[in-house]
There are 2 protein chains.
Amino acid sequence: MTMLDTAIRDAGACAYVAYGPSADANMRYLTRFTTTDPVVFIKKPGERGMLIVPQMEYERAVRESGAAVLTRSDAGFFEYLKDGASRTEATARMIAGLSGGAVLVPERFPLGLARALEVSVPVILDAGTVEAMRAVKSPEELERIRSVQRATEAAMDRAIALIRGARPVDGVLHRGGEPLTSERVRGEMHSLLFGFGCSAKETIVACGADTALPHHTGSGPLLAGEPIVIDIFPQDEKSGYHADMTRTVVWGEPSVEIREMYEAVRDAHEMASSLVRPGAGGGDLYQRVVEFFRERGYATDTQGFVHSLGHGVGLDVHEQPSLGPVGETLVAGNVVTIEPGLYYKGVGGVRLEDMGAVSPDGFDRFTQYPMELIL
Amino acid sequence: MTMLDTAIRDAGACAYVAYGPSADANMRYLTRFTTTDPVVFIKKPGERGMLIVPQMEYERAVRESGAAVLTRSDAGFFEYLKDGASRTEATARMIAGLSGGAVLVPERFPLGLARALEVSVPVILDAGTVEAMRAVKSPEELERIRSVQRATEAAMDRAIALIRGARPVDGVLHRGGEPLTSERVRGEMHSLLFGFGCSAKETIVACGADTALPHHTGSGPLLAGEPIVIDIFPQDEKSGYHADMTRTVVWGEPSVEIREMYEAVRDAHEMASSLVRPGAGGGDLYQRVVEFFRERGYATDTQGFVHSLGHGVGLDVHEQPSLGPVGETLVAGNVVTIEPGLYYKGVGGVRLEDMGAVSPDGFDRFTQYPMELIL
């Protein structure tokens with residue numbers, strides 16, 4: 001955490017302070033402790049950091065976290081409450097006491113706690129140090145993300161096998177005498193991911209008209225001859241790391257428009273992947289794909305290519321660097337998705353998403369699953 | 001949202017502003033829109049509120065949310081970026097422009113965005129209006145939570161049936177010739193919850209020594225004669241609402257200590273449940289249970305009863321009112337858990353948790369599942 005020590009010193013602060021539950025990826029990254037309720041983390045330069053937790057979490061925090069662990073009680077929380085402080089004020093007094101002076105805090109630090117802290121110590125805003133640290137993965141983090149990606153591909157394969165083995169009855173795909181639904185495909189993917197210790201939320205299995213909205217999760221029977229977009233981004237329960245993957249498939253014969261959109265998206269994917277390397281600008285890559293689609297006659301405003309080209313993946317499913325209108329420069333150790341897509345009302349949508357690391361040689365693709373439109 | 005309008009007017013603000021993803025329960029409550037990435041919500045008195053989303057989310061936001069929906073592009077975001085603003089500054093300029101003056105924001109509002117806003121408009125801290133609104137459930141919300149509770153009980157029943165039907169081999173519970181593990185019980189509960197459209201995380205199936213830590217999730221084979229704590233708090237994917245439930249069971253003969261702890265916890269549960277009513281203080285209820293356990297000879301500091309008596313449940317699994325050292329006064333429409341527990345190193349832990357609504361008549365218990373220690 002040398003970068004963090006430097007940031008603390010450069011800001012003239014005594015400590016860096018974070019506040020949140022482990023769903024806050026910064027908190028999980030700094031402490032490796034999982035908790036539903038918010039906890040306090042205080043880091044002084046040269047020290048490993050202090051984690052302040054409720055009494056009931058003390059031993060679990062000692063086991064899970066590399067930080068020194070203190071109970072709220074030991075940190076004076078309940079004494080401050082007895083003095084008449086509110087919970088926020090008591091938390092602030094606890095932090096001010098343990099920090100011993102000016103604190104550096106992240107952009108997402110809660111304003112209420114910041115205002116209560118400012119009563120006794122200066123609160124200095126940090127410009128994304130922990131987010132930048134998180135964007136560059138260690139070899140161990142890369143391995144964790146690879147492992148989630150393997151589980152994700154097994155789930156994608158299950159989904160595609162289900163669709164491939166279906167048969168249409170009046171245009172509706174059936175399996176075992178019943179319509180094959182978005183819900184069933186999603187359920188089977190999620191069940192399989194359990195076996196890998198992963199959980200998934202808001203998985204997209206959208207078909208036909210629904211695919212024209214990039215984040216429509218989809219529902220009901222899947223149809224022959226219509227695009228089916230499958231987008232899944234599971235989290236490993238133990239490590240907290242994500243993977244992210246999208247495929248678009250059609251059972252049977254797609255429309256000419258969908259076939260052409262698929263080719264354009266696949267070509268854009270290949271082009272963008274070939275440009276990934278340390279030093280490439282996330283914004284420049286996005287712009288290259290915008291131009292590519294325009295040259296092929298596709299829109300890039302309210303229809304066509306309507307989202308960014310990709311994003312970092314880690315403890316958050318969307319993190320730095322961004323490959324969008326405002327993108328960071330790529331460095332070795334970033335893990336990013338490349339996910340061009342095209343969306344038209346009345347026609348449908350196509351998206352293809354692979355994930356990999358930025359390596360000195362280019363794009364070290366983690367995704368090893370084929371891109372195939374027609375099943 | 002009359003309470004919010006009143007808060008805006010009382011603060012002398014032009015609008016209330018929230019910023020976050022839908023994992024932020026306030027945002028989900030105000031907008032009913034689900035999104036991984038943070039969005040902006042602006043509410044002026046007498047209006048239904050504006051939701052500002054990326055272009056790709058526009059149509060989904062219109063479908064899901066009751067708010068007026070604007071794209072970032074329409075709100076000038078990209079123009080501000082072109083002027084050289086950072087993402088945070090551009091978001092702040094967008095908010096300031098649409099609010100037209102002083103803004104009221106929640107405690108958890110990100111400090112970075114608040115500082116960027118303060119350049120052009122006053123930022124006033126709200127004292128928990130939305131949290132207080134969320135704490136009082138509408139009939140529709142109560143029905144949603146009841147429905148998650150039904151799924152939760154089905155999952156609990158599955159877990160207990162698995163344990164009941166096991167047989168010990170050298171003290172280790174077995175089913176179908178294999179040790180019955182924490183992981184298997186958890187997996188079967190989660191699979192069943194899928195069928196109900198619910199997802200669960202960090203479900204506790206802890207046995208023996210592990211139960212002495214209240215939030216130890218547990219792992220490995222389950223043992224005969226040892227306490228098994230099962231604590232599950234699923235979320236309905238569609239509505240976002242939670243349930244929360246805990247049972248403690250033993251296959252075979254528990255130790256005398258566990259048996260006595262169970263009786264004390266069950267009695268504490270009954271006593272506390274009988275005291276739930278509008279006007280009762282969450283802190284007073286907690287204190288009553290502290291005294292109850294002390295009279296029975298149990299500790300209430302670093303061992304024994306080490307956590308609060310309960311908490312509100314809704315879009316967050318832990319929300320207001322708290323039944324702990326600092327608790328809010330209960331009002332009709334609150335949904336709370338009652339979950340006394342006792343924990344001793346070398347002995348184990350016992351926790352029993354039911355959930356229900358605070359009704360004019362007392363505790364309208366949603367949980368309909370028996371409490372039975374010995375299977």
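Note on naming: letters A, B, ... go to the chains in the order of the sequence lines (proteins, then strands), and numbering restarts at 1 for each one.
In this structure, chain B has a heavy atom under 4.5 Å from the backbone of Asp301(A), while its side chain stays farther away. Proximity to chain A (any heavy atom under 4.5 Å) is shown, for Asp316(B), by neither the backbone nor the side chain. Heavy atoms of Ser86(A) lying under 4.5 Å from chain B are absent altogether. Neither the backbone nor the side chain of Thr71(B) comes within contact range of chain A; no heavy atoms are under 4.5 Å apart. Of the two parts of Lys345(A), only the side chain, counted from C-beta on, holds a non-hydrogen atom closer than 4.5 Å to a non-hydrogen atom of chain B.
Between the CZ atom of Phe305(A) and the CD atom of Gln55(B) there is a distance of 12.5 Å, given to the nearest 0.5 Å. Rounded to the nearest 0.5 angstrom, Thr217(B) OG1 and Glu237(A) CD are separated by 9.5 Å. To the nearest 0.5 angstrom, Phe233(A) atom CZ is 5.0 Å from Thr36(B) atom OG1. Between the CE atom in Met56(B) and the NE2 atom in His307(A) there is a gap of 5.0 Å [rounded to 0.5 Å]. One finds the NE2 atom of His215(B) at 7.5 Å from the CG atom of Asp37(A) (value rounded to the nearest 0.5 Å).
Across Leu125(A), Thr35(A), Thr34(A), the residue that shares the most heavy-atom pairs under 4.5 angstrom with chain B is Leu125(A). Contact count versus chain A (heavy atoms, under 4.5 Å) is highest, among Phe194(B), Phe109(B), Tyr19(B), for Phe194(B). Comparing Arg108(B), Gln235(B), Glu59(B), Glu64(B) by how many heavy-atom pairs each has under 4.5 Å with chain A, the most go to Glu59(B).
Along residues 199-206 of chain A, the residues that come nearer than 4.5 angstrom to chain B, judged on non-hydrogen atoms, are Ser199(A), Ala200(A), Lys201(A), Glu202(A) in order of number. Listed by sequence position, Ser322(B), Pro325(B), Val326(B), Glu328(B) are the residues of residues 319-328 of chain B in contact with chain A, using a 4.5 angstrom heavy-atom cutoff. Using non-hydrogen atoms only and a strict 4.5 Å limit, the part of residues 181-191 of chain B facing chain A consists of His190(B), Ser191(B).
No salt bridge links Arg87(B) with Glu131(A); every basic N to acidic carboxylate O contact stays at or beyond 4.0 Å.
The side chain to side chain contact (heavy atoms under 4.5 Å, CB included) check on His216(A) picks up Asp210(A), Leu213(A), Arg63(B), with sequence neighbours excluded.
For Val123(A) against Arg115(B), the heavy-atom pair with the smallest separation is O-NH2, 2.9 Å.
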